[in-house]
Amino acid sequence: MAKKNLIGYSLAKLEQTMVRLKQPKYRGRQLYKWLYNTRMQDFSLMSDFSKSLREQLETKFEIKYPEIIESQKSTDGTEKFLFQFDDSTNVETVLIPDADRQAVCVSSQAGCALGCHFCATGTLGLMRNLTAGEILGQLIPLRDLYGNDCFTNIVFMGMGEPLKNYDNVVEAIKIITDSAGLMVSAKKITVSTSGISPKIRKLADSGLKVKLALSLHAATQEKRHKIMPVADSFGLDKLMDAVKYYTQVTGFRVTIEYILFAGFNDKPEDIKALVKLLHGVPCKINILAYNPVPGLDFERPTDEKVDWFARQLYPKMPAVTVRKSRGKDIDAACGQLAGRRVK
Ligand code: SF4
């Protein structure tokens with residue numbers, strides 16, 4: 001029988017596993033610590049287990065991370081990794097070092113079904129959801145490579161829509177934030193969504209207390225519908241109600257991501273619509289110039305245009321940040337590296 005990979009097992013599941021092996025339940029917590037805290041991959045070195053337990057575990061289970069099959073490093077320090085799982089599915093993970101924080105951008109799905117018209121991942125369609133273990137499997141090997149401090153913040157902004165893989169993302173976050181797990185504070189985790197309103201409410205009620213980012217990119221239903229098919233299923237009115245609900249329940253302001261596309265959403269009327277839409281919403285806005293994807297019909301605005309847009313917005317909004325594009329000299333847009341493999 002094929003060995004089962006323990007990465008992704010919750011504490012409860014490890015405790016059940018130990019009870020099935022006729023061990024006391026607390027052994028589950030010990031194993032949990034070995035897996036996620038110590039990052040031990042060798043059962044024979046789990047020194048607080050008896051020899052016979054180590055042998056039983058070795059016979060039935062394995063501790064396996066996905067393989068890094070390609071990586072690209074930008075001159076600005078951004079590093080992109082292409083992970084491969086057992087079924088040859090690939091996803092991208094990106095380490096983005098900055099002066100005061102090290103963010104890691106993780107994928108939640110292989111491909112994405114939502115097909116935003118500007119997105120390289122969207123062109124791939126959805127291959128499948130990632131398991132909690134496959135989400136964790138993008139993080140643990142990076143710590144092995146670069147040490148525990150290689151990321152301080154985790155953003156679910158890689159390939160896929162995290163709220164379309166809600167259960168596995170939540171399961172992974174529980175292990176990431178656990179003091180015997182990866183020990184990353186929930187406040188340092190951001191789940192970024194294209195706007196799945198009911199799941200935003202569910203995440204608010206989950207008690208996880210992670211940060212939320214909304215990929216807005218257009219401030220009217222009409223315009224949003226032109227670039228994001230998801231807008232047809234979850235209209236802007238209900239979406240903004242869900243976002244407000246998130247801020248009320250968690251006490252956090254939400255991050256509004258607004259990618260500027262040249263000639264599409266960078267005009268005075270867009271600023272007006274954005275200010276109107278976000279009036280009374282506790283938020284900060286991140287403006288980001290589009291990273292062009294070959295074959296897709298959108299262009300990057302000039303730096304002057306980006307500055308102009310932010311300056312117009314700033315006096316009218318509580319917090320406006322222009323995010324620098326990172327990794328311009330590598331396949332920077334999310335999904336480009338994996339997309340080359342698929343194609
Ligand atoms: S932008 Fe996000 S939600 Fe839209 S297609 Fe790309 S990965 Fe999916």
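Note that the numbering runs from 1 along the sequence shown for the chain. We count ligands from 1, going down the list as the structure has it; atoms in each ligand are counted the same way.
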Point to revise | Check: R224/Q221 side-chain N/O donor and acceptor closer than 3.5 Å | key: no
Check your understanding: More than 12 foreign heavy atoms under 6.0 Å from NZ of K3: is that the case here?
Key -> yes
Review point. Is it true that E55 and K51 make a salt bridge, defined as a side-chain N closer than 4.0 Å to a carboxylate O?
Key: yes
**Study point:** Pair Y258 + F309: ring centers closer than 6.0 Å
**Key:** yes
Review point. Applying the 4.5 Å side-chain criterion to the ILVMFWY set and letting contacts propagate, would Y65 and V94 be lumped into a single cluster?
Key: no
**Study point:** Near atom 6 (Fe) of ligand 1 (under 2.8 Å) - protein N, O or S atoms
**Key:** C119 SG
Review point. Of the non-hydrogen atoms in I271 and Q312, which two are nearest, and what is the gap between them?
Key: CD1-CB, 3.4 Å
